[in-house]
Visitor: 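This structure is in structure tokens; I'll ask about it shortly.
Owing to the predicted nature of the structure, the values given are computational and were not obtained by experimental measurement.
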Amino acid sequence: MRELYFAEQIGPQVGMVVDMFDFLKISSKKPVKRPAAPRGRPAAPVSKGTVKIDKYVFNIRELNHKGFILDPYDKDIIITGQRFRFEINAMDGEDIYKGRAEGIVTKIANGALAAAFLTKFF
């Protein structure tokens, strides 16, 4: 008798709990695919000028008084540690770099080349 009284007392509450978690039921409907958000184009790399090595012209990504970084660098015309001559035509703020000079390659990685200036422009 006591069990029956307990079941009658809890019965409506159990139904309420089941109704409360109806949102957890697994539906047989396929999820609706939302269209992917359109991705914008990646920003074009800002070129501070160009460097000409032999007959190849490269964009300068970074530039300062000690050297520069060419990006992209996809040729195999010079290697790390090699001295080379180049023509530069670039501007960094108010500093203008124009002429011929010598440099040394300090690093080539991830499609970029870093070089240090060895001589002043002539």
Visitor: Please report the closest heavy-atom contact between E102 and F86, naming both atoms and the distance.
Guide: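 The pair with the smallest heavy-atom distance is C-CE2, 3.5 Å.
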
Visitor: Using side chain to side chain contact (heavy atoms under 4.5 Å, CB included) as the criterion, point out the one residue from V51, L63, I60 that pairs with Y97.
Guide: L63

Visitor: Please test T50 against N59 for side chain to side chain contact (heavy atoms under 4.5 Å, CB included), starting from the C-alpha separation and ending with a verdict.
Guide: CA-CA 5 Å; T50 59; N59 286 324; 4.0 Å; yes

Visitor: Going by salt bridge (charged side-chain N to carboxylate O under 4.0 Å, His left out), K48 matches just one of D95, D71, D92. Which one?
Guide: D92

Visitor: Do Y73 and V105 have side chains that approach each other closer than 4.5 Å (heavy atoms only, starting at C-beta)?
Guide: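 Sidechains of V105 and Y73: no contact.
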
Visitor: Would you name the heavy atoms of I69 and A112 that are closest together and state the gap between them?
Guide: CG2-CB, 4.2 Å

Visitor: For F84 versus A115, what's the shortest heavy-atom pair and its separation?
Guide: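 Here F84 and A115 meet closest at CZ-CB, 3.8 Å.
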
Visitor: Got a sec, which residues hit ring pair (Phe, Tyr, Trp, His ring centres under 6.0 Å) with F117, two or more places apart in sequence or on another chain?
Guide: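 Result, ring pair (Phe, Tyr, Trp, His ring centres under 6.0 Å) vs F117: F68, F121.
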
Visitor: Identify which one of I104, I108, L113, T106 satisfies the side chain to side chain contact (heavy atoms under 4.5 Å, CB included) criterion when paired with T80.
Guide: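 The residue from I104, I108, L113, T106 that satisfies side chain to side chain contact (heavy atoms under 4.5 Å, CB included) with T80 turns out to be I108.
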
Visitor: Roughly how far, to the nearest 0.5 Å, is the NZ atom of K75 from the CD1 atom of I53?
Guide: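 That separation rounds to 11.5 Å.
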
Visitor: Once you round to the nearest 0.5 Å, how far does CD of E87 lie from NZ of K98?
Guide: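 Interatomic distance, E87 CD to K98 NZ, rounded to 0.5 Å: 10.5 Å.
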
Visitor: Do L118 and R83 have side chains that get closer than 4.5 Å, going by heavy atoms?
Guide: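 Counting from C-beta outward, L118 and R83 do come under 4.5 Å.
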
Visitor: Do any N or O atoms from the side chain of D54 and from the backbone of Y56 form a donor-acceptor pair under 3.5 angstrom?
Guide: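 Absent.
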
